[in-house]
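Notes to accompany the following structure.
As a basis for the values below, the full set of heavy atoms in this structure was taken, side chains included, without hydrogen atoms, waters or symmetry mates.
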Amino acid sequence: MNHRPRKRFGQNFLHDQNVVERIVLAISPRRDQHLVEIGPGKGALTRPLLDRVDKLDVIEIDRDLAPHLEHELGQFGRLRVHQADALTFDFRHLARDGRKLRVVGNLPYNVSTPLLFHLLDQVDVVEDMHFMLQKEVVDRMAAAPNSDDYGRLSVMIQFFCKVEKMFNVKPGSFFPAPKVDSAVVRLIPHTQPIVAVDDVAMFSRVVTAAFAQRRKTLRNALKGLLDQDGIIAAGVLPDARAETLGLAQFASLSNVTHKSLLTKT
Ligand code: SAM
């Protein structure tokens, strides 16, 4: 197929068979599992995945690529092509038979963070996720406290999922080659919450505020949400900075904030 890669859709097509094989091996799909691929493009991952499973849903935004995939790979009846925007896609709808989804994809890097958050909102129907992303994003997802990479993305992803960085991928494995290194990550949603949070929306609000200006102390960063006494009540030092806190401390700050707002109303 003659298709000019579209920058606006983050199209960097994988052509390195070695990388394709390593990704498929990392996923190791079983025939009866329900796989969903985001951004199948020209099918570099779709083909080997389709060889291994009975059912594959793919979500592709590009109006030229989607019908092409349908035409080329749809005839076996095992592939369902959704020409749609993954950022607004209802993944829950795909899981209505009760089976959780295994979500995979070489993601468009320009929308990877909002896409990850969209998936976290529906993580209850997800068994696991394997994604190719910018290496820098994977490093942020996997980062521990007290490192430069640690921030809102690390806390929010780790609250919902176990993060395993699998391997790095060089720009030359794609066409066109992106300007940055890439990496493959595995995300496994926790079956039980690893910290007790009373209100997830409040947790997200507190984490966002705490990292909005990461050099600020929590006393300043949380102004308007939680005062100094509240921070102390959560067992956290008001002079501490967000990057030093672990999940349990963010959970505690969010629970105290939630309670204090409830008593005010
Ligand atoms: N999977 C292919 C591969 O590995 O060669 C293509 C990967 S390319 C990095 C990203 C793919 O995601 C492109 O096919 C692009 O058209 C598609 N895409 C971009 N934005 C999308 C969105 N919001 N929803 C669904 N697909 C999208």
Side-chain angles (χ1 to χ4, degrees), residues 36 38 86-92 100-105 107-166 182-216 218 221-222 224-226 231 234-236 240-258 261:
V36 181
I38 299 175
L87 281 170
T88 52
F89 192 82
D90 182 0
F91 288 86
R92 274 205 187 90
K100 288 198 175 185
L101 310 174
R102 302 196 68 194
V103 186
V104 307
L107 295 188
Y109 295 168
N110 50 349
V111 291
S112 59
T113 306
L115 199 46
L116 288 168
F117 279 97
H118 180 60
L119 284 158
L120 292 183
D121 275 346
Q122 304 172 69
V123 81
D124 51 303
V125 297
V126 174
E127 186 173 326
D128 61 14
M129 300 175 258
H130 290 80
F131 294 134
M132 172 92 74
L133 290 158
Q134 268 175 253
K135 176 180 172 296
E136 177 238 315
V137 174
V138 172
D139 288 341
R140 279 166 41 210
M141 290 161 83
N146 296 307
S147 67
D148 287 346
D149 288 334
Y150 187 67
R152 172 178 174 249
L153 187 66
S154 333
V155 176
M156 293 310 296
I157 297 269
Q158 291 172 30
F159 173 65
F160 288 104
C161 304
K162 180 174 166 219
V163 181
E164 283 176 49
K165 183 172 172 180
M166 308 297 287
S182 303
V184 174
V185 67
R186 172 185 289 152
L187 303 171
I188 306 177
H190 303 303
T191 46
Q192 297 290 326
I194 55 166
V195 289
V197 164
D198 298 337
D199 183 80
V200 175
M202 180 56 78
F203 180 78
S204 170
R205 228 173 117 186
V206 167
V207 173
T208 303
F211 282 108
Q213 284 153 302
R214 55 188 293 136
R215 296 287 152 218
K216 278 194 175 176
L218 290 169
L222 297 183
L225 269 179
L226 196 60
I231 299 174
V236 176
R241 287 193 310 225
E243 67 201 47
T244 64
L245 306 188
L247 279 183
Q249 287 165 305
F250 279 112
S252 177
L253 285 170
S254 123
N255 291 343
V256 172
T257 313
H258 184 58
L261 288 188

Validation row: Leu119, Ile38 side chains within 4.5 angstrom (heavy atoms):
yes

Rounded to the nearest 0.5 Å, what separates atom CG in Leu153 from atom CG in Leu116?
6.5 Å

If you look at every heavy atom in Thr244 and Gln249, which pair is closest and at what distance?
O-OE1, 4.2 Å

Of the non-hydrogen atoms in Gly246 and Pro145, which two are nearest, and what is the gap between them?
CA-CG, 4.2 Å

Just so I know, are the side chains of Phe131 and Met166 near enough to count as touching, which here means a heavy-atom distance under 4.5 Å?
no

How close do Pro189 and Val126 get, counting heavy atoms only, and between which atoms?
CG-O, 3.4 Å

Looking only at non-hydrogen atoms, find the nearest pair between Ala144 and Ser147 and report the distance.
O-OG, 2.8 Å

Measuring from atom CG of Leu226 to atom OG1 of Thr257, what distance do you get when rounded to the nearest 0.5 angstrom?
4.0 Å

Would Asp149 and Arg140 pass as an ion pair if we require N to O under 4.0 Å?
no

Is there side-chain contact between Leu120 and Cys161, with heavy atoms separated by less than 4.5 Å?
yes

With a 4.0 Å cut-off on N to O distance, would you call Arg186 and Glu164 a salt bridge?
yes

Heavy-atom pair of closest approach, residues Ala210 and Ala242:
O-CB, 3.3 Å

Using a 3.5 Å distance criterion without hydrogens, assess whether the side chain of Ser252 forms a donor-acceptor pair with backbone atoms of Ala248.
no

Is Lys165 paired with Asp139 through a side-chain N to carboxylate O contact shorter than 4.0 Å?
yes

Would you indicate whether the side-chain heavy atoms of Arg92 and Asp124 approach each other to under 4.5 Å?
yes

Set out, in order, the CA-CA distance, both residues' side-chain angles and the distance that settles ring-ring contact (aromatic ring centres under 6.0 Å, His included) for Phe160 and Phe203, then state yes or no.
CA-CA 12 Å; Phe160 288 104; Phe203 180 78; 7.9 Å; no

Can you tell me if Tyr150 uses its side chain to pair, donor with acceptor, with the backbone of Leu245 under 3.5 Å?
yes

Roughly how far, to the nearest 0.5 Å, is NE2 of His190 from NZ of Lys162?
9.5 Å

Please answer whether the main-chain N or O of Met141 pairs with a side-chain N or O of Gln158 as donor and acceptor at a distance below 3.5 Å.
yes

Backbone N/O of Leu87 and side chain of His118: donor-acceptor pair under 3.5 Å
yes

Could you tell me if the side chain of Val36 sits less than 4.5 Å from the side chain of Phe91, heavy atoms only?
yes

CZ/Phe250 to CZ/Arg152 distance, rounded to the nearest 0.5 angstrom?
12.0 Å

Does Asn255 use its side chain to pair, donor to acceptor, with the backbone of Ala196 at less than 3.5 Å?
yes

Using every non-hydrogen atom in the two residues, find where Gly151 and Arg214 come nearest and quote the distance to one decimal.
CA-NH1, 3.9 Å

Asp90 side chain near Gln122 side chain, heavy-atom distance below 4.5 Å:
yes

With rounding to the nearest 0.5 Å, note down the distance linking OG in Ser204 to CZ in Phe159.
10.0 Å

Calculate, to the nearest 0.5 Å, the distance between atoms CZ and CD belonging to Phe211 and Glu243 respectively.
7.5 Å

